[in-house]
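Report on the structure given below.
Start at 1 with the first residue, then count along the sequence. Values below: all heavy atoms of this structure, side chains included; hydrogens, waters and symmetry mates excluded.
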Amino acid sequence: EYVNLKTAYDNGVDVPRPIMVLNNVLVMEFIGVNGKKAPLLMETKPTKTDYVKVVRMIRRLYLKANLVHADLSEHNIFKLGSRICFFDFGSAVEVSHPNALEFLIRDIRNINRFFKRNGIEVFEERRVLRGINKKWP
């Protein structure tokens with residue numbers, strides 16, 4: 001998880017800054033204010049701007065960090081003010097993984113389902129995929 005988090009961080013994906021790992025304990029930046037954790041995306045009123053940020057971060061994660069989160073949902077995204085921050089990279093895989101496309105589609109479906117349930121107009125799954133890789137249908 002540390003390597004995936006560091007790779008994402010080093011490639012400009014908004015994630016908690018990884019500090020160190022020792023004996024399977026991951027130390028990372030605290031996301032919150034005055035000792036209170038930032039709310040999860042599911043605990044907030046999401047906006048279209050939030051949705052666009054999430055889609056852009058999925059794209060950056062894929063194209064720049066060469067990773068697919070593989071467990072992305074409203075449960076592992078912090079929203080602090082206007083900041084959107086992905087976390088929980090224990091299931092992330094490199095884009096070369098045989099199931100990377102399947103995991104990417106599942107991440108997009110999870111995100112689309114959450115925002116749609118909250119009244120936000122979402123992009124078609126195919127459009128998001130094409131925005132990541134023009135070769136996909």
Side-chain angles (χ1 to χ4, degrees):
E1 182 171 8
Y2 176 81
V3 171
N4 292 336
L5 187 65
K6 182 162 178 17
T7 300
Y9 181 82
D10 289 347
N11 284 281
V13 179
D14 196 341
V15 299
R17 181 177 53 84
I19 298 169
M20 66 182 291
V21 66
L22 181 63
N23 299 326
N24 292 323
V25 175
L26 173 60
V27 180
M28 65 184 121
E29 170 191 14
F30 176 75
I31 307 297
V33 177
N34 297 327
K36 184 178 179 198
K37 78 163 186 71
L40 301 176
L41 184 60
M42 64 180 275
E43 299 168 331
T44 70
K45 176 125 178 73
T47 66
K48 179 70 172 194
T49 300
D50 296 335
Y51 175 71
V52 171
K53 285 181 184 180
V54 169
V55 169
R56 285 183 179 157
M57 284 175 47
I58 291 170
R59 183 176 191 273
R60 175 173 285 276
L61 186 64
Y62 190 94
L63 293 175
K64 300 290 185 187
N66 293 311
L67 290 173
V68 174
H69 189 283
D71 189 30
L72 192 62
S73 74
E74 65 274 18
H75 300 278
N76 42 33
I77 301 174
F78 287 123
K79 180 179 177 184
L80 186 60
S82 63
R83 182 180 180 190
I84 296 292
C85 181
F86 291 1
F87 68 97
D88 190 8
F89 278 77
S91 298
V93 297
E94 293 183 356
V95 299
S96 60
H97 187 281
N99 299 110
L101 179 57
E102 175 188 337
F103 296 150
L104 177 63
I105 290 168
R106 185 177 63 198
D107 285 351
I108 294 166
R109 282 185 183 148
N110 287 341
I111 292 306
N112 276 359
R113 184 173 26 251
F114 170 75
F115 280 94
K116 205 172 190 179
R117 256 193 343 254
N118 282 277
I120 307 293
E121 185 179 342
V122 299
F123 303 128
E124 288 182 1
E125 187 178 296
R126 291 179 106 122
R127 180 176 173 195
V128 177
L129 286 170
R130 267 189 248 117
I132 294 170
N133 186 331
K134 303 273 189 255
K135 295 177 190 170
W136 292 335

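The heavy-atom pair separating K79 from T44 by the smallest distance is CD-OG1, 3.6 Å. Of all heavy-atom pairs between P46 and I120, the closest is O-CD1, 3.6 Å. Closest non-hydrogen pair, A65 versus T7, comes out as O-CG2, 3.5 Å. Counting all heavy atoms, side chain and backbone alike, L61 lies closest to H69 at CD2-N, 3.6 Å. Of all heavy-atom pairs between A8 and L67, the closest is N-CD1, 4.3 Å. Nearest heavy atom pair, residue K6 against residue P18, reads CA-CG, 3.6 Å.
The cluster map of Ile, Leu, Val, Met, Phe, Trp and Tyr, joined by side-chain heavy atoms under 4.5 Å apart, puts F86 and M42 in the same cluster. V54 is connected to L63 through a chain of hydrophobic side-chain contacts under 4.5 Å among Ile, Leu, Val, Met, Phe, Trp and Tyr, so both are in one cluster.
Within the 4.5 Å cutoff, the side chain of V68 has no heavy atoms near those of the H97 side chain. The shortest distance between side-chain heavy atoms of S82 and K53 falls below 4.5 Å. In this structure the side chain of P16 reaches within 4.5 angstrom of the side chain of L5, judged on heavy atoms. Two residues are said to be in side-chain contact when any heavy atoms from C-beta on lie closer than 4.5 Å; I58 and L104 meet this criterion. Between I77 and I111, the closest side-chain pair of non-hydrogen atoms falls below 4.5 Å. Using a 4.5 Å cut-off on side-chain heavy atoms (C-beta onward), F87 and I31 make no contact.
With hydrogens and angles ignored, the 3.5 Å screen pairs no side-chain donor or acceptor of E102 with any backbone N or O of N99. A distance-only check finds a donor-acceptor pair linking the side chain of D107 to the backbone of L72 [under 3.5 Å]. One N or O on the side chain of N118 and one on the backbone of F114 form a donor-acceptor pair closer than 3.5 Å. For N76 (side chain) and D88 (main-chain N/O), no donor-acceptor pair under 3.5 Å exists by modelled atom type. For the pair N66 (side chain) and E94 (backbone), a donor-acceptor distance under 3.5 Å is absent.
Heavy atoms from other residues, nucleotides or ligands lying under 6.0 Å from OH of Y9 number 12 at most. Residue R83 qualifies as enclosed at atom CZ: its count of foreign heavy atoms under 6.0 Å is above 12. The neighbour count for K37 NZ, taken as heavy atoms of other residues, nucleotides or ligands under 6.0 Å away, is above 12.
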(request) Show your reasoning for whether side-chain hydrogen bond (donor to acceptor under 3.5 Å, both in side chains) applies to D50 and T47. (result) CA-CA 5 Å; D50 296 335; T47 66; 3.3 Å; yes
(message) Would K64 and V13 count as a side-chain contact (heavy atoms from CB on, under 4.5 Å) here? Give the steps.
(response) CA-CA 9 Å; K64 300 290 185 187; V13 179; 5.9 Å; no
(message) Show, in sequence, the C-alpha distance, side-chain angles and deciding distance for F78 and L40, and conclude whether the side-chain contact (heavy atoms from CB on, under 4.5 Å) test is met.
(response) CA-CA 4 Å; F78 287 123; L40 301 176; 3.9 Å; yes
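The closest side-chain donor-acceptor pair between R109 and N112, if any, does not fall under 3.5 angstrom.
Ring geometry, Y51 versus F115: the interplanar angle exceeds 60°, so the pair is classed perpendicular (tilted spans 30 to 60°).
With respect to K48 and E121, no salt bridge is recorded, no charged nitrogen being found less than 4.0 Å from a carboxylate O.
Grouping Ile, Leu, Val, Met, Phe, Trp and Tyr residues whose side-chain heavy atoms lie under 4.5 Å apart, directly or via other members, places I19 in a hydrophobic cluster with M20, L22, V27.
The distance from atom CD of E124 to atom CG of L129, rounded to the nearest 0.5 Å, is 11.0 Å. In this structure, the separation between CZ on R126 and CD1 on I105 is 9.5 Å, given to the nearest 0.5 Å.
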